[in-house]
Amino acid sequence: MSTRIRHATPADVPRLREVIEASVRGLQAGDYTPAQIEGALTSVYGVDSQLIADGTYFVAEEAIPESAKPDIVACGGWSKRKTLYGGDQFAGREDSLLDPQRDAAKIRAFFVHPDWARRGIGSMILQACENAALAAGFTRLEMGATLSGVPFYRAMGYSEVENQSAPLGNGEALPIVRMAKQVVKR
């Protein structure tokens, strides 16, 4: 396995949509109802083009033997903007810039294709995000983690801060957990 982490580009968006949908349907079914998953896919989860434009969204590529080019198998990013979670279609976005001296950078939009889960790829992307946020002057990180992601983030040093609920377009609500971590330069 030769995983390559790189910045996402607008040309990646169609594949990112596929990875996000597969990840949500395959990895979150044990924590959310079918109605929550459908509502989240249409009103919260999705590609955040602002992260791509800011150069803060990463993809993990794997060399697939039967393919001529590597395939995107996971994605995730960090943000210097106030929005805690949600793709382009999420109504609760707030894209004003954060102050690294006062605010926590946001860890955002992590999705791993179920065929590639639990192989350390999410950890690699998270490390790239933490390093980039540190380089931008942030010393604190926070996120709105899915229930499925909480054990992973806890293992990576994040602590639960509060339980929240994201309203979904279909009338359902998506429980999420705000988590945080202090980071230091190595």
Side-chain angles (χ1 to χ4, degrees), residues 3-24 27 40-41 43-62 70-113 116 120-146 148-150 152-153 156-159 161 164 166 176-186:
T3 305
R4 177 178 162 232
I5 306 296
R6 66 166 174 82
H7 287 97
T9 69
D12 297 326
V13 169
R15 177 61 181 155
L16 291 173
R17 287 187 181 122
E18 292 171 358
V19 169
I20 291 167
E21 184 171 343
S23 177
V24 171
L27 300 177
L41 283 168
S43 56
V44 177
Y45 297 147
V47 175
D48 184 335
S49 58
Q50 185 67 64
L51 294 176
I52 295 172
D54 287 345
T56 60
Y57 203 50
F58 296 95
V59 299
E61 292 181 321
E62 287 291 335
D71 191 22
I72 295 171
V73 299
C75 52
W78 72 279
S79 182
K80 55 188 172 185
R81 299 181 185 276
K82 290 188 178 181
T83 297
L84 186 61
Y85 56 84
D88 290 344
Q89 78 283 18
F90 183 57
R93 299 174 64 80
E94 188 178 345
D95 285 337
S96 55
L97 292 172
L98 298 167
D99 178 352
Q101 302 307 309
R102 275 193 336 241
D103 302 315
K106 312 302 184 212
I107 298 297
R108 302 269 320 278
F110 268 66
F111 299 96
V112 178
H113 192 285
W116 295 90
I121 296 170
S123 299
M124 292 172 63
I125 296 173
L126 185 58
Q127 188 64 60
C129 291
E130 290 179 357
N131 290 342
L134 270 168
F138 289 92
T139 58
R140 293 182 307 117
L141 304 168
E142 70 175 4
M143 72 187 66
T146 63
S148 308
V150 168
F152 166 71
Y153 293 115
M156 300 300 289
Y158 289 79
S159 300
V161 175
Q164 297 183 339
I176 59 168
V177 179
R178 190 164 66 90
M179 299 183 78
K181 178 180 181 178
Q182 191 82 25
V183 290
V184 293
K185 289 192 177 186
R186 297 178 187 141

Taking the side chain from [X] and the backbone from [Y], do they hold a donor-acceptor pair closer than 3.5 Å?
X: K181; Y: Y153; result: no
X: Q89; Y: V47; result: no
X: R108; Y: S79; result: no

Hey, are the side chains of [X] and [Y] touching, using non-hydrogen atoms and a 4.5 Å cut-off?
X: E142; Y: M179; result: no
X: L126; Y: Y158; result: yes
X: L27; Y: T146; result: no
X: T83; Y: D95; result: yes
X: S49; Y: V13; result: no
X: R81; Y: L97; result: yes

Ring pair (Phe, Tyr, Trp, His ring centres under 6.0 Å) assessment of H7 paired with F58: CA-CA 4 Å; H7 287 97; F58 296 95; 4.7 Å; yes
Working to the nearest 0.5 angstrom, can you tell me the gap between D48 CG and Y85 OH? 13.5 Å
Using 0.5 Å steps for rounding, measure from the CZ atom of R140 to the CG atom of D103. 7.0 Å
Identify the two heavy atoms, one from P70 and one from E61, that lie closest to each other, and give their separation to 0.1 Å. CB-CB, 3.8 Å
Would you call D12 and R6 a salt bridge, using N to O less than 4.0 angstrom? yes
side-chain contact (heavy atoms from CB on, under 4.5 Å) between C129 and F110: does it pass, once the steps are laid out? CA-CA 11 Å; C129 291; F110 268 66; 3.9 Å; yes
